[in-house]
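All ligand and atom numbering here is 1-based and tracks the order in the structure.
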Amino acid sequence: MNDLPLYFDYAATTPVDERVIQAMVSCLGASGNFGNPASSSHCYGQNARTAVENARAQVAGLVGAQAAQIVWTSGATESNNLALKGLAQGRQGGHIITSQIEHKAVLDTVRQLEQNGFELTLLAPDAQGLITTEALRAALREDTFLVSLMLVNNELGTVNDIPALAEVVRQHGALLHVDAAQGAGKLPIDLARWPVDLMSFSAHKVYGPKGIGALYVAERARPLLQAQIHGGGHEGGLRSGTLATHQIVGMGEAFAVAQTLLEDETRRIAHLQQRLLDQVLSVPGVRLNGSAGQRIAHTLSLTFGADVPDFSKLAQTLAFSSTSACNSASNAASHVLLALGLEPQAARQTLRLSLGRYTRAEDIDQAIRAIKASLQSQPFWAVAQG
Ligand SMILES: Cc1ncc(COP(=O)(O)O)c(C=O)c1O
């Protein structure tokens, strides 16, 4: 274990919290809560149903929603697909607004809708990586029926002002979907107050298991939303399939733990982030991408200038995410960084470090040492490209 690089990729996924593992295991074996939640005729099913509904309340509790507004899915990708396709289906065209810096789970879905005759506007972020109400207002059209904007950007850690953007959408009469996969558990979300119609969540970004997520559906959106997976009519007909009790219970527990820890964990991670930033920003030519103020503490996108880390050397010490696709077949620069105005070369000289529940102060110090030790005056891919 000690030879593994330090984990600095919590934005990609998180390990499952021990408390969550315990809760999940209790739903698996013959002496556990293994029944089918749809088997209402016996106690095995009834107990599983109780656990599922308890988890629904836990997920709702973290985000200020009602339990009845939470629909289980397989993750934020499916939630985004259900929200966007589910609202578009049954309409004869119309205009959809989203942004250039959304996750591919939104971008690829709206592009699919574009192929089916819908018109699309992709808002550009401002220099801070934020979507402004001015940009949104300017893009709204009479036939705009749907807007989809993320709460927290997965590469930059920047936070859109969703309550303000939601107000603009509501006044216009359109529906707003928010991809909150990177926001839940990291900052307060209050769906009782925010005029948001649909919101996507994922368990594995919040120390829960992979393969489970949820879509918040407000009453206003419910009659307009069409199921994308048909079968036994589960989840009020919105998403069929036997409910995965252990996954759902895991997500519920993960969100409940996140709610308990939210304030303390955020404060601790902000402190660690500052320690990291103070050191890394003292390296000549390094800059932080995206707003310095309107951001979560957990995710940092750093572009290197004069001296650039040797990414493969750094990867021996740190598990981070690189938008330099040096090892990938496509060698494509990040669409988020390009939208922010970075040159492709600068986008490739960028690394994302994301901190989380198990990041310690000594990990930060080791990360700083590793970054400094890996710096070289010319990036190897620049040499390779001549
Ligand atoms: C902003 C955002 N949306 C959606 C997803 C997809 O989530 P899932 O892995 O649960 O499908 C991710 C995960 O990387 C994400 O960061």
* **Lys/Arg N to Asp/Glu carboxylate O, K85 vs E78, below 4.0 Å** => no

* If you measure from the Lys or Arg side-chain nitrogens to the Asp or Glu carboxylate oxygens, is any gap between R222 and E219 under 4.0 Å? -> no

* Look at the rings of F320 and F311 and say which category their plane angle falls in: under 30° parallel, 30 to 60° tilted, over 60° perpendicular. => perpendicular

* **Mutual orientation of the aromatic rings belonging to Y207 and Y358 [parallel < 30°, tilted 30-60°, perpendicular > 60°]** => perpendicular

Distances under 3.5 Å, N/O of ligand 1 against N/O of the protein: list each pair and its distance.
{"unit_1": "ligand 1", "atom_1": "3 (N)", "unit_2": "D179", "atom_2": "OD1", "d": "3.3"}
{"unit_1": "ligand 1", "atom_1": "3 (N)", "unit_2": "D179", "atom_2": "OD2", "d": "2.6"}
{"unit_1": "ligand 1", "atom_1": "9 (O)", "unit_2": "H204", "atom_2": "NE2", "d": "2.8"}
{"unit_1": "ligand 1", "atom_1": "10 (O)", "unit_2": "A76", "atom_2": "N", "d": "2.9"}
{"unit_1": "ligand 1", "atom_1": "10 (O)", "unit_2": "S202", "atom_2": "OG", "d": "2.7"}
{"unit_1": "ligand 1", "atom_1": "11 (O)", "unit_2": "T77", "atom_2": "N", "d": "2.9"}
{"unit_1": "ligand 1", "atom_1": "11 (O)", "unit_2": "T77", "atom_2": "OG1", "d": "2.6"}
{"unit_1": "ligand 1", "atom_1": "14 (O)", "unit_2": "H103", "atom_2": "NE2", "d": "3.2"}
{"unit_1": "ligand 1", "atom_1": "14 (O)", "unit_2": "K205", "atom_2": "NZ", "d": "2.6"}
{"unit_1": "ligand 1", "atom_1": "16 (O)", "unit_2": "Q182", "atom_2": "NE2", "d": "2.7"}

* Among I364, T359, L318, whose side chain to side chain contact (heavy atoms under 4.5 Å, CB included) with L6 holds? -> L318

* To do: Taking the side chain as every heavy atom from C-beta outward, state whether R352 and F8 have any pair of such atoms under 4.5 Å apart.
  => no

